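Working notes for the structure below.
As the structure is a computational prediction, the values presented were derived from the model and not from experiment. Letters A, B, ... are given to chains in the order of the sequence lines, protein chains preceding strands, and every chain is numbered from 1.
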Amino acid sequence: MTIDINRLVSAILHLREASENLKSINPELSLLLLQTALTLASKNGIKEDVIKDMDDTAKEIAGETRASC
Amino acid sequence: MKHALHVELTPTNACNQKCSYCFESGCHRDGITNEEADRQLSILSNTVKAVNEGDYDGMCLTFWGGEPFLNVEFMLCAIKILESCKDYRISIYTNGTYRKGMDMFLDGVNHATMKRTSLQFSYDGEPHHTVKRGYSPDVMIEYVKKFLDAGADAHFKATLSLDMIDSLPDIWKSYESLFMKLGNVVSYSPTLDTVDRISEEDVQMWISAMKKIARLEFDFARKHGRPLMSWFGPGYRGNCRLTNTVNVQPDGNIYICHACPYMSDCRKTLLGNTSEIETFDDVTIKTYPDTMSEDCVNCGATYCTICHASLLRPDEDPAKEWLNVKSREPLRCKLFREFGKIHLAFILACCRNRAAK
C-alpha cells in the first residue's frame, strides 16, 4: 500500500489535537487517540520534526488571530 | 451531467491581444475556412443526432481559441445545432475584451441557453494582468456583469508567472477587491502552465509567498466561509478528462485536449481529422487508464495541474499511459508538493480555529 506522507502527518496532528481537546472530558478516549497517533507515526517512520514543521506552519498561518478566537 | 460527450471547438486561433507569455504565440494564428467550418458544423449535427439516440446523457460544447468571440458567427451556428440535443452545456474560454463578438453573442443567444452557458474570463490580478497581458481589465469586468445579468455563469482563470511571485500578495488582494465588487463568482484560480525552468531558489520563494497567502486565506475563510484562492479549497489533482472528449482545431485536426496542438510532438495525441469522421464520438478514447505512477500516488500534492499530455513520450500510447507517466520536472512537482504541506497546515489551522469556537 502506498501512503501520502503529507496527509498522514496531517491526520496524526488531527489525532493529537483531538486527544488534547478530550483530555478533561474523556481521558480514556483521549489516551486512545494519542496512542493511535503515535502508532501511526512510528509505523510509518514519520519523524518528529516533520510533524513539528506542519504544526508550526499551521500556527504561523493562524497568526495572532488564533488567540482572539 | 454524469455521462456527457465533450466536444471542444476552436472557432479561430487568432487573438485580439498579445499577452507576453501566451503559449500559443509561436503557433499558427489562422481562422477557420468556410469549407472547414461547414464540415465541422455538419459533424456536430451528426453528433447531436447520435447523442440523442445513444447512451450519453447529453453534450458539453466548449469554445477554445485564440479568442473565440472573434468568430462569433461560427459559435452561434454551433449553438443553434446544439440546442436540439437532449441535454447540453456550453463553456467559453475568453479574454473578455472583444466587445463586438460578445455583444453579438448576448443578442443572439436565448435565455434558456444562456442559463446553460459558463464563461471563463482570463484575469491574472494586478499588477500581473497589466504587466504581462498589457491591457486593462475594465472591459472584461464590464462584460462579466453583462453575462451574469443575462443568466450565464462566469468564473476567472489567472496565469501566474514565477518571475512575479513576489507580487502574489498584491495579486491576491486585487482578487479580493474583485470579490467585493462581483461577489461569490470570484475565485482566484491561477495556473503555472507557462513555467519552463525552475530553480531551487524559486521553490524557496514560492514557499515563502504561499505561506503569506495562507495567512490571508485564513482570515478570508473566517469571514466568508471559503478560501478565495481555489487551491486552498478541497484539493484537485489531475488534468484533462481524456475520455469521451475531443479538441477540434481550425485545420480539422482533432486532439485529446487543447494543450496537445501546441506540443512539439503532438502526433501521439492526434486522434484524427474532420475529413475522416461522421461524428466526433468516432475518435474519442473510451477507457480511462486506472493506473497512476508511483511518484504521483506517493506525492503529497493536494493540488496539481501538471499536464499529462506534456509528459508522454512519443512512443507512449495515451490510452494506456495517460496517468502512468512519470514526471520529468522534479522541481515543478516540488512546487505542488510544498504547496500541499502549506495547504494541509492551512486546513489544520482552520480546524483548530473551528474547535476553539
Of the non-hydrogen atoms in Ala345(B) and Met54(A), which two are nearest, and what is the gap between them? CB-O, 3.8 Å

Separation between NE2 (His343(B)) and OG (Ser10(A)), nearest 0.5 Å, reads 9.5 Å

Please report the C-alpha distance between Arg352(B) and Glu17(A) in whole Å, then the side-chain angles of each, then the deciding distance to 0.1 Å, and finally whether the salt bridge (charged side-chain N to carboxylate O under 4.0 Å, His left out) criterion is met. CA-CA 8 Å; Arg352(B) 283 172 175 168; Glu17(A) 199 77 17; 2.9 Å; yes

Taking all non-hydrogen atoms of both residues, which atom of Ala349(B) and which atom of Ala58(A) are closest, and how far apart? CB-O, 3.5 Å

Is atom NZ of Lys286(B) surrounded by more than 12 heavy atoms (other residues, nucleotides or ligands) closer than 6.0 Å? yes

Taking side chain as everything from C-beta outward and backbone as N, CA, C, O, which of these in Asp55(A) sits under 4.5 Å from a heavy atom of chain B? Side chain, backbone, both or neither. both

If you count the non-hydrogen atoms of other residues, nucleotides and ligands that lie under 6.0 Å from CD in Glu201(B), is the total more than 12? no

Kindly indicate whether the side chain of Thr57(A), heavy atoms from C-beta on, has any atom under 4.5 Å from the side chain of Lys211(B). yes

Can you tell me how far the CD1 atom of Ile61(A) sits from the CZ atom of Phe346(B), to the nearest 0.5 Å? 7.5 Å

